[in-house]
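As the structure is a prediction and not an experimental result, all values here were calculated from the model. Letters go in sequence order (proteins before strands), and every chain restarts at 1. The figures here come from the full heavy-atom set of this structure, side chains too, leaving out hydrogens, waters and symmetry mates.
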Amino acid sequence: MLRTHTCGELRKSNQSQEATLCGWVDSYRDHGGTIFIDLRDRYGKTQVVFGPESGVELLDQGRTLRSEDVIRVTGIVTDRPEGTINPKLGTGEIELRSTALEILNKCENAPFVPTQQDLPGEDLRLRHRYLDLRRSVMQDTLVQRSRIIKGMRDYFEDNDFVDIETPILGRSTPEGARDYLVPSRVHTGSFFALPQSPQLYKQILMMSGYDRYVQVARCFRDEDLRADRQPEFTQLDMEMSFVEMDDIINMIDGLVAKLAKDLLGLDIPLPLPRMTYDEAMERFGHDAPDLRYGMELIDCTDLAAQAEFRVFRGVADSGGRVRGFNAKGAADKYSRKDIDQLTEYVVQDFKAKGLAWFKVDADGKLASPIAKNFSEELLGQFADRLDAEPGDFLVLSADQWDVTCGVLNGLRRRLAAELKLYDPKAMNFSWVVEFPMFDYDDEEKRWVAMHHPFTAPRPRDIEVLESDPSKARALAYDLVINGSEAGGGTIRIHDNAIQSKVFGLLGMDETTAQERFGFLLDALRLGAPPHGGIALGIDRFVMLFAGLENIRDCIAFPKTQRAADLMTGAPSTVDGKQLRELGLRVGQAAEK
RNA sequence: GGGGCCGUAGCUCAAUUGGUUAGAGUACUGGACUGUCGAUCCAGUGGUUGCGGGUUCGAGUCCCGUCGGCCUCGCCA
């Protein structure tokens, strides 16, 4: 090693020892006859001193040092003089009196320095990621990430899971997300797909007798990005045989409790609370409700049906819903202009036609531009239903059920953030279970799997599978942390007949099913144990555990919203030769 | 594919209703200084206001297009 100690290591007990440190120049303070350098590595900072006793030559050399130079410095560990101890540094009681300096690499004209107080724009940070990753916050996050993954691996190892790798080059399936494709040179005109998840492989592993499988798996989905979504992400993927839903959930409960204890020092009572999908949508309008605050949704459709107000009655009469919630004491926090903005938000983002609202005045009466359309008695009933007290702010959405879900979930999250209704450090874990098996796709005019086509229905729903697919509920479960989906899994179908039936419901004829999933259908007739599993989004776990607001900050080399790597310039065009070898020609749209 | 915000010195930002020579902090360069730790003090360098077009006597500012970053709806089994 070029160093004897790290920059976070030296203490008073090292007094008078000779030590050699390597690191980056964090800052320098030149007083003429004395120069101070804070030398930094990922372990900490140590003050290095070049003084008169260092000699003219060394002092002049020290004077050339600038931020982010990489140096190797040897000196004597010395107690700091009275009154110059720096309590902010772990090494603040000592300093290194330099005797030799080697500049390993100068840093010239850095576009930004990791120590500057105002963070540069994110494009610059991504373009020069090596500078950004030197920031202590980024280093702490990546260390936290490493610990989370180790915690997960230890936990599953302790529970007799086997870590098995599955292929990155696999078969494309049109179901689900868009695939990233890799052309095959050997099979000209054919393509591999990068895995959206190791789903089928892990099921096959269950049929192969590895009854507890785990993998830290990289997954790829070619869909548009979000603050919490990257095209390339990492899952903690696991699968178990001879289990029921409770077994998987209990296993993950134990993991969550362990991670919360080890990393955050939190004691999480188990079992984690559960609610069904139907309950979540009814109470919160979303399948990953944020339970850190209240403002639960309340149905008022029956009251709306009695109103003269056409918007309400029309919606009630046509099978829609009128629902809302009460933002306690928020009436004076929202001006007419603010409410106009809320209205614009729900109209633009959730296809609402408008937003109904009331402020509760000092007498407990509901005040609003639309109040004149209601009898006083009916207003009183709305007030009772919504538990209205003076100063409350009530919002209501009148529309088709799915629109009211979107609108009210959006408003609930927005108001909770604006009104600071929760402690940003609070952690809330819960399960949402029994998702619908299917969603109806209006464009394709067919049923599509809500989770994936291998999901088992609740046993009692097998008979309604064909008669009324919308009623069938799945043995599916999502882990929700602070209103964010942190993982999801299902019990799988382990019966060939049911699997074929589900493929059929999804509009897949037998030939297609055989072609795409023949190997699975075969395996389901050759000794398939009941099995199920789950995948946890590791990036989101880290993000939520670290209290970060976007997923890029917990990934070393993330993509931008347009799915590009600004540092390397990926994706890029390739040589004509490479294309010819693959038998590919780029079309006009791509050339433009 | 739709909606929104942003782009001014290396970096972070300012610039009145469209009006004189586009400013500040920081970084950088030179100088002073033996105890600082956001060192301090003095002086200086630094600009195609992302790019292209338009409106105007006059555009950083208004309009259109385009590139890039972010947020979001759709999308994400």
Side-chain angles (χ1 to χ4, degrees), chain A residues 26-39 45-54 59 66-68 78 80-89 91-92 95 97 107-128 131 173-179 196-197 199-200 219-231 233 341 344-352 403 406-407 410 413-414 435 437-439 441 443 447-455 474 476 485 488 490 502 506 535 537 549-550 552 559-562 564 566:
Chain A
D26 196 70
S27 62
Y28 64 93
R29 298 173 288 281
D30 183 351
H31 289 238
T34 304
I35 299 166
F36 301 95
I37 302 289
D38 285 344
L39 193 63
K45 287 195 256 186
T46 302
Q47 174 163 285
V48 179
V49 186
F50 300 87
E53 73 279 6
S54 304
L59 203 57
R66 292 295 177 272
S67 291
E68 301 307 308
T78 312
R80 290 201 189 187
E82 281 279 328
T84 66
I85 285 171
N86 184 349
K88 291 184 204 161
L89 295 183
T91 62
E95 59 195 15
R97 298 277 174 100
C107 175
E108 292 165 9
N109 299 324
F112 70 94
V113 288
T115 48
Q116 71 186 49
Q117 56 174 8
D118 292 314
L119 211 54
E122 191 161 3
D123 46 347
L124 249 202
R125 291 173 52 205
L126 291 172
R127 204 173 297 282
H128 305 280
L131 297 178
T173 52
E175 288 275 341
R178 219 172 271 123
D179 282 324
Q196 294 175 27
S197 82
Q199 183 59 36
L200 288 166
C219 304
F220 307 86
R221 291 176 194 176
D222 187 6
E223 297 292 345
D224 286 351
L225 286 76
R226 285 286 188 283
D228 62 353
R229 227 159 69 189
Q230 283 272 303
F233 58 102
Q341 283 177 4
E344 197 188 323
Y345 165 61
V346 297
V347 168
Q348 175 60 44
D349 275 13
F350 303 108
K351 310 282 181 284
V403 174
V407 167
R413 286 173 192 254
R414 178 165 168 163
F435 283 66
M437 283 287 287
F438 308 103
D439 242 352
D441 186 325
E443 274 178 35
W447 293 99
V448 294
M450 189 146 177
H451 193 79
H452 59 51
F454 320 109
T455 300
E485 178 195 336
T490 62
V502 169
L506 297 172
E549 283 180 1
N550 85 64
R552 296 180 299 281
K559 307 274 188 290
T560 64
Q561 186 165 58
R562 294 191 62 245
L566 295 183

(Q) Should A/Phe112 be counted as stacked on B/C11, where stacking needs a ring-centre gap under 5.5 Å and an angle between planes under 30 degrees? (A) no
message: In whole Å, measure the gap between the C1' atoms of B/U29 and B/G46 for me.
response: 10 Å
Query raised in the report: Heavy atoms under 4.0 Å, any strand shown: does A/Thr173 hit a base, just sugar-phosphate, or nothing?
Result: nothing
Answer with base, sugar-phosphate or nothing: what part of the nucleic acid does A/Pro111 contact at a heavy-atom distance below 4.0 Å?
sugar-phosphate
| query | Phosphate oxygens OP1/OP2 of B/C73: is one of them under 4.0 Å from a side-chain N or O of A/Arg226? | reply | yes
Whole-Å distance, A/Arg414 CZ to B/C73 C1', equals 14 Å
### Message
With a 4.0 Å limit, can you tell me whether A/Lys88 has a side-chain N or O closer than that to the phosphate oxygens OP1/OP2 of B/G38?
### Response
yes
Rounded to whole Å, the CG-P distance (A/Asp118 to B/U8) equals 14 Å
### Query
Does the side chain of A/Thr34 come within less than 4.5 Å of A/Pro52's, by heavy atoms?
yes
| A/Leu124 near the nucleic acid: base, sugar-phosphate alone, or nothing, with a heavy-atom cut-off under 4.0 Å? | sugar-phosphate
Separation of B/G1 atom P from A/Gln561 atom CD, nearest Å, is 13 Å
Smallest heavy-atom separation, A/Glu68 atom then A/Cys107 atom, equals O-CB, 3.3 Å
Measuring only the P atom in each nucleotide, how far is B/G25 from B/A14? A whole number of Å is fine. 16 Å
Heavy-atom nearest nucleotide on RNA chain B taken for A/Glu53 and for A/Ala110; more 5' hit belongs to A/Ala110
Closest to the side chain of A/Asn86, out of B/G74, B/U34, B/C37, is B/C37
N/O to N/O distances under 3.5 Å, protein versus nucleotides 28-32 of chain B:
from, atom 1, to, atom 2, distance (Å)
B/C28, OP1, A/Tyr28, OH, 3.4
B/C28, OP2, A/Tyr28, OH, 3.3
B/U29, OP2, A/Arg66, NE, 3.1

Inset, instruction - Would you indicate what A/Thr560 reaches in the nucleic acid, counting non-hydrogen atoms under 4.0 angstrom: base, sugar-phosphate, or nothing? - result: sugar-phosphate
When both distances are under 3.5 Å in a Watson-Crick or G-U wobble arrangement, the nucleotide paired with B/G44 is B/C28
Should the side chain of A/Arg80 and the base of B/C37 be counted as holding a donor-acceptor pair, with the cut-off at 3.5 Å? yes
query = How is A/Glu95 classified with respect to the nucleic acid when contacts are heavy atoms under 4.0 Å: base, sugar-phosphate, or nothing?
reply = base
Base B/G74 paired with A/Asp224 side chain (donor-acceptor, <3.5 Å): yes
Between B/G23 and B/G35, how far apart are the C1' atoms? Round to whole Å, please.
-> 36 Å
Check: Is A/His31 stacked on the base of B/G35, meaning ring centres closer than 5.5 Å and planes within 30 degrees of each other?
Finding: no
Item to complete: Report yes if the side chains of A/Pro114 and A/His128 come closer than 4.5 Å at any heavy-atom pair, otherwise no.
Response: no
Checklist entry - With rounding to whole Å, what would you report as the distance between B/U12 and B/C28 at their C1' atoms? => result 16 Å
Just to be sure I understand the rule, does A/Lys45 reach a base, reach only the sugar-phosphate, or reach nothing, if contact means heavy atoms closer than 4.0 Å? nothing
Handout entry: P gap between B/U26 and B/C33, integer Å
Key = 22 Å
Side-chain atoms of A/Arg229 come closest, of B/G38, B/C73, B/C75, to B/C75
Here the distance between atom P of B/C76 and atom CD of A/Glu175, to the nearest Å, is 11 Å
Residue pairs passing the side-chain hydrogen bond (donor to acceptor under 3.5 Å, both in side chains) test with at least one member in residues 110-123 of chain A, sequence neighbours excluded, are A/Glu122-A/Arg552
Checking all strands, does A/Arg97 fall into the base, sugar-phosphate, or nothing category for heavy-atom contacts under 4.0 angstrom?
base
query = Which part of the nucleic acid does A/Leu566 contact within heavy-atom distance under 4.0 Å: base, sugar-phosphate only, or nothing?
reply = sugar-phosphate
Taken to the nearest whole Å, CG/A/Asp123 to P/B/C6 is 16 Å
When rounded to whole Å, the CG to C1' distance for the pair A/Asp228 and B/C75 reads 13 Å
Q) Can you tell me how far P in B/G60 sits from the matching atom in B/G52, rounded to whole Å? A) 13 Å
query: Got A/Phe438 and A/Leu506 here, is their nearest side-chain heavy-atom distance under 4.5 Å?
result: yes
Between CD of A/Glu344 and P of B/G2 the distance, given in whole Å, is 18 Å
Hits for salt bridge (charged side-chain N to carboxylate O under 4.0 Å, His left out) against A/Glu344, two or more places apart or cross-chain, chain-then-number order -> none
Separation between the P atoms of B/C6 and B/G50, rounded to whole Å: 13 Å
Those residues at least two apart in sequence (or on a different chain) that pass side-chain contact (heavy atoms from CB on, under 4.5 Å) with A/Ser197 are A/Gln199, A/Cys219, A/Arg221, A/Gln235
inquiry  = What I'd like to find out is whether the side chain of A/Met437 reaches to under 4.5 Å of the side chain of A/Thr455, using heavy atoms alone.
reply    = yes
For this session: Assign A/Gly33 to base, sugar-phosphate, or nothing according to its heavy-atom contacts below 4.0 angstrom with the strands shown.
Result: sugar-phosphate
- Query: At under 4.0 Å between heavy atoms, what does A/Pro120 touch on the DNA or RNA strands: base, sugar-phosphate, or nothing?
  - Reply: sugar-phosphate
Answer for the Watson-Crick or wobble partner of B/U36, both distances under 3.5 Å, is none
Sequence neighbours excluded, the answer for salt bridge (charged side-chain N to carboxylate O under 4.0 Å, His left out) partners of A/Asp179 is none
From CZ of A/Arg125 across to P of B/G7 the rounded distance in Å is 18 Å
Span that lies between the P atom of B/A27 and that of B/U21, in whole angstrom: 31 Å
Over all strands shown, is A/Leu89 touching base, sugar-phosphate only, or nothing at heavy-atom distances under 4.0 angstrom? nothing
### Query
Between A/Arg29 and A/Asp38, is the closest basic N to carboxylate O distance under 4.0 Å?
yes
Scanning all shown strands, the Watson-Crick or wobble mate of B/U20 with both distances under 3.5 Å is none
Those residues at least two apart in sequence (or on a different chain) that pass salt bridge (charged side-chain N to carboxylate O under 4.0 Å, His left out) with A/Glu485 are none
B/U61 -> Watson-Crick or G-U wobble partner, both distances under 3.5 Å, gives none
> Do A/Phe454 and A/Thr490 come close enough that some side-chain heavy atom pair is under 4.5 Å?
Replying inline: no
Ranking B/G69, B/U36, B/C73 by distance to the side chain of A/Arg29, first place goes to B/U36
Worksheet item: Which part of the nucleic acid does A/Gly51 contact within heavy-atom distance under 4.0 Å: base, sugar-phosphate only, or nothing?
Response: nothing
If pairing means Watson-Crick or G-U wobble with both distances under 3.5 Å, then the partner of B/C70 is B/G4
query: So what does A/Arg552 touch, heavy atoms closer than 4.0 Å: a base, only the sugar-phosphate, or nothing?
result: sugar-phosphate
Out of B/U36, B/G69, B/G2, minimum distance to the side chain of A/Gln348 belongs to B/G2
- Does A/Gln116 make a side-chain donor-acceptor contact with the base of B/U12, cut-off 3.5 Å? no
